[in-house]
Number of protein chains: 2
Amino acid sequence: MNIGEIAKRAGVSRSTVSYALSGKRPVSAATAQRINDVIDELGYRPNASARALAEGRTRTFGLVIPPASTRLTDVQLAFVASVVEAAAVHDHDVLLSPSGGDHDRSFERIVTGRRVDGVILMEILLQDPRVERLTSAGLPFVTIGHVEDPAASWWVDVDYAGLISRCVRHLADLGHSDVVLINRSDELVAAGYGPALRATTAFAGTARECGITAHTVCCPDDPAAGVACFEEIRTRWPEVTAAVTINEAALPGVQRALHRAGLDVPQDFSLTGVIADRLAEDFHPPLTAADVPAGDMARLAVDLLLEQIGDPSATPRHSMLAPPITLRSSTGARRRA
Amino acid sequence: MNIGEIAKRAGVSRSTVSYALSGKRPVSAATAQRINDVIDELGYRPNASARALAEGRTRTFGLVIPPASTRLTDVQLAFVASVVEAAAVHDHDVLLSPSGGDHDRSFERIVTGRRVDGVILMEILLQDPRVERLTSAGLPFVTIGHVEDPAASWWVDVDYAGLISRCVRHLADLGHSDVVLINRSDELVAAGYGPALRATTAFAGTARECGITAHTVCCPDDPAAGVACFEEIRTRWPEVTAAVTINEAALPGVQRALHRAGLDVPQDFSLTGVIADRLAEDFHPPLTAADVPAGDMARLAVDLLLEQIGDPSATPRHSMLAPPITLRSSTGARRRA
DNA sequence: TTGTAGGCGTTATCAC
DNA sequence: GTGATAACGCCTACAA
């Protein structure tokens with residue numbers, strides 16, 4: 001069933017039905033009523049493809065997710081769900097696209113097939129081929145994380161540098177003089193993953209300012225790696241009494257390794273970092289940490305994307321989020337300072 | 001740029017370009033070459049909306065995910081990623097739709113706007129309004145989990161009843177005479193969530209057959225609930241020496257409660273159930289459990305959906321998966337039998 | 001306030 | 001082997 005059918009049954013022209021639906025032209029109350037009755041009776045809804053073709057817009061966003069090979073973390077998941085939710089608020093749908101691996105066809109379909117009005121790109125690298133592809137395709141996009149030139153594009157990010165700095169200062173204030181950063185994987189760092197790089201720099205810099213000793217280790221995104229990583233820390237730097245981390249997926253392993261080593265938190269060892277609230281609260285004891293506000297980021301990303309779609313020539317805008325660090329029970333004074 | 005532009009530059013008609021791309025009509029090698037050169041030079045890709053309108057199919061699936069309010073579990077997450085991957089293999093895209101809450105508009109858009117060729121429905125209830133909606137809309141769909149009448153629709157499911165039975169027998173064989181089922185939440189059970197119901201029935205039935213005592217508790221999907229739930233079990237039935245669970249999200253809490261109660265696994269307490277391999281292996285000690293094969297289910301669901309789209313009047317088919325129970329280290333003989 | 005008609009970019013049916 | 005041309009279903013000037 002199509003708009004013509006509705007028009008026929010309501011005894012009006014197709015354009016009148018169209019205008020009655022869009023409200024872009026006044027329609028008399030009587031006709032509007034008649035049209036709506038027919039629509040309700042037949043359960044008519046406009047064909048999205050036809051509308052997209054005529055309007056030149058699809059009311060759909062593309063969401064490029066990290067490769068499924070590297071298991072999606074809890075935050076990433078929450079982010080996907082939040083984007084869908086935020087898009088739904090504006091009556092938009094979300095088309096998912098895996099990236100990396102051999103999924104270039106999927107990405108290309110989305111970028112070049114005019115299937116979407118804009119794209120949200122997760123887990124961006126400082127130099128990212130997908131960003132260049134989108135730029136050259138002239139498709140509006142917002143990245144989660146920013147590229148090398150912050151003014152060049154639209155993005156939403158978390159101020160990892162600032163948050164990590166504050167974590168380090170917090171630990172220094174508590175008397176810790178030997179701390180370690182449990183970063184994300186070597187591969188991500190090597191690939192130029194911004195948050196990991198900024199965390200590293202801020203960590204070392206702030207430690208220097210505070211006059212304390214800092215070590216950094218990279219750790220793959222899984223619990224087993226967390227165990228191995230923590231054991232390596234104990235072996236290499238037994239004097240370390242506190243850790244800062246941005247690696248959520250490794251946390252359960254760190255928890256287990258702490259327990260196995262007979263270390264009490266925060267009595268013997270302090271732990272903090274940038275960790276989603278849910279995970280921080282599930283930790284034992286609850287972690288002093290900065291939240292990764294997936295919901296806020298998703299809403300902001302969608303807002304920025306809509307703004308950009310509305311005016312593609314606007315100068316890029318962005319949001320750097322600095323969530324508060326919530327004090328819980330995982331950090332304490334260094335023992336026998 | 002459109003197909004006409006390509007045609008003009010290649011000196012042929014639009015239809016020839018179309019046929020050169022689809023291969024549905026022979027095209028001379030020379031013209032094909034010329035057309036391809038122009039296409040490569042201009043980076044042309046057909047407009048997806050126009051194609052969908054003309055062909056009457058969108059090459060897109062809808063994936064209806066559980067409400068975001070109840071946090072997505074690890075398996076659900078893996079499943080989403082796997083569906084996208086499986087769809088990509090067939091050059092299809094995936095449109096996400098949240099369900100529940102106030103997301104009916106989103107669901108309706110997808111169902112009735114002809115935005116997708118078919119739908120995959122996660123976390124189905126025994127009586128599910130969305131199933132009826134899709135049926136009445138005449139849109140092909142595959143459910144994960146099955147509805148009351150198994151022959152009525154297309155589905156993929158895990159044989160929870162069979163797996164739970166085998167878990168119970170395994171525990172009985174080990175000498176356990178008092179066991180408990182840690183089910184999913186009260187709400188899900190009340191809503192008629194199939195796996196939870198079938199697990200309950202199979203658990204009680206098999207325990208009766210084996211002549212052992214069985215208790216069942218419902219537990220919300222989160223670690224804190226897992227702690228509370230296990231403590232309740234210890235209080236109400238201190239004689240219980242083994243548990244079967246299908247609640248992955250509660251596992252970390254169960255782990256913590258076991259530890260807090262000073263119970264060694266499997267020395268003092270045995271634990272098994274239906275748990276994704278990754279989680280089972282991350283447990284301490286690794287869990288004897290049946291995997292939830294998210295990847296297989298996703299691929300099967302996509303295959304079934306494509307089959308149904310190809311022949312909408314075909315009689316419904318389905319797949320009941322019975323993954324093996326992998327013996328690891330979390331089950332042992334009952335102490336002091 | 002309403003109707004007519006052309007166009008959005010493809011696919012597919014005819015005809016040559 | 002190739003070209004016109006009519007759908008596909010909607011939106012939106014332009015007319016009345």
Side-chain angles (χ1 to χ4, degrees), chain A residues 1-36 38-39 42-60 91 93 109-117 137 139, chain B residues 1-36 38-39 42-60 91 93 109-117 137 139:
Chain A
M1 158 207 357
N2 55 35
I3 203 173
E5 182 76 6
I6 305 296
K8 197 188 301 173
R9 301 214 190 194
V12 296
S13 74
R14 295 187 332 225
S15 56
T16 302
V17 176
S18 176
Y19 284 119
L21 257 75
S22 70
K24 292 187 180 175
R25 188 167 92 173
V27 171
S28 81
T31 13
Q33 180 63 48
R34 231 171 36 247
I35 291 173
N36 280 327
V38 177
I39 285 179
L42 272 68
Y44 165 78
R45 302 291 321 262
N47 178 309
S49 300
R51 174 187 290 219
L53 182 58
E55 278 189 317
R57 51 185 288 223
T58 59
R59 299 166 194 267
T60 304
D91 283 330
D93 289 314
R109 256 205 316 278
I110 287 193
V111 170
T112 190
R114 306 234 160 274
R115 286 177 86 62
V116 300
D117 299 335
L139 196 60
Chain B
M1 157 206 357
N2 56 32
I3 204 172
E5 182 77 8
I6 305 296
K8 197 188 301 170
R9 300 214 190 193
V12 296
S13 73
R14 292 187 332 226
S15 50
T16 302
V17 176
S18 176
Y19 284 118
L21 263 95
S22 69
K24 294 186 180 175
R25 187 167 94 172
V27 172
S28 83
T31 27
Q33 180 63 48
R34 234 176 27 250
I35 291 172
N36 281 326
V38 177
I39 286 178
L42 273 67
Y44 164 79
R45 301 293 321 260
N47 178 308
S49 300
R51 175 186 290 219
L53 183 56
E55 278 190 316
R57 49 183 291 221
T58 59
R59 296 165 194 266
T60 305
D91 283 329
D93 289 315
R109 254 204 319 276
I110 286 192
V111 170
T112 191
R114 306 232 161 275
R115 286 177 87 63
V116 300
D117 299 334
L139 196 59

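Side chains included, hydrogens not; waters and symmetry mates left out as well; all remaining heavy atoms used. Below, read A as the first sequence line, B as the second, and so on, with proteins coming before strands; counting in each chain starts at 1.
OP1 or OP2 of D/dT12 lies within a sub-4.0 Å distance of a side-chain N or O belonging to A/K24. Not one side-chain nitrogen or oxygen of A/T16 sits closer than 4.0 Å to the OP1 or OP2 atom of C/dT1. Between D/dC11 and A/S18, a contact under 4.0 Å exists linking OP1 or OP2 to a side-chain N or O. Between A/T31 and C/dT2 there is a side-chain polar atom (N or O) within less than 4.0 angstrom of OP1 or OP2. The phosphate of D/dG9 has OP1 or OP2 within less than 4.0 Å of a side-chain N or O from A/N2.
Distances from the side chain of B/A54 to the nucleotides D/dC10, C/dT10, D/dG1 place C/dT10 closest. Each of C/dT10, D/dG3, C/dT2 was ranked by its minimum atom distance to the side chain of B/Y44; first place goes to C/dT10. When distances are taken from the side chain of B/L53 to each of C/dT2, D/dC8, C/dT10, the shortest belongs to D/dC8.
A/S15 contributes no side-chain N or O that forms a donor-acceptor pair with the base of C/dA5 under 3.5 Å.
Within 6.0 Å of the CZ atom in B/R109, the count of heavy atoms belonging to other residues, nucleotides or ligands exceeds 12.
When rounded to the nearest whole Å, the span between OH of A/Y19 and C1' of C/dT1 equals 12 Å. A/R51 has its CZ atom 21 Å from the P atom of C/dT10, to the nearest Å. Summarising the geometry, the separation between CZ on B/R45 and C1' on C/dG9 is reported as 15 Å, rounded to the nearest angstrom. Between A/M1 atom CE and D/dC8 atom P there is a gap of 15 Å when expressed in whole angstrom units. Between the P atom of C/dT10 and the NZ atom of B/K8 lies a distance of 13 Å, rounded to the nearest Å. Separating the CZ atom of A/R25 from the P atom of C/dT2 is a distance of 8 Å, rounded to the nearest angstrom. The distance between atom CD1 of B/I3 and atom C1' of C/dT11, rounded to the nearest whole Å, is 8 Å. In this entry the distance linking CD1 of A/I6 with P of D/dC11 reads 13 Å, nearest Å.
Nearer the 5' end of DNA chain D, as judged by each residue's closest nucleotide, is the contact made by B/V27, out of A/N47 and B/V27. Where B/R14 and B/E55 meet DNA chain D, the nucleotide closest to each residue was compared, and B/R14 sits on the side nearer the 5' end.
Shown here for A/V17 and A/A7, the closest heavy-atom pair between the two residues is CG2-CA, 3.7 Å.
Here the CG atom belonging to A/N2 is positioned 9.0 Å from the CG atom belonging to A/N47, to the nearest 0.5 angstrom.
Side-chain atoms of A/T58 and A/D117 include a donor-acceptor pair closer than 3.5 Å.
B/G11 comes within 4.0 angstrom of the backbone, heavy atoms only, and of no base.
Using a distance-only test at 3.5 Å, with no hydrogens or angles considered, a donor-acceptor pair links the side chain of A/R34 to the main chain of A/A10.
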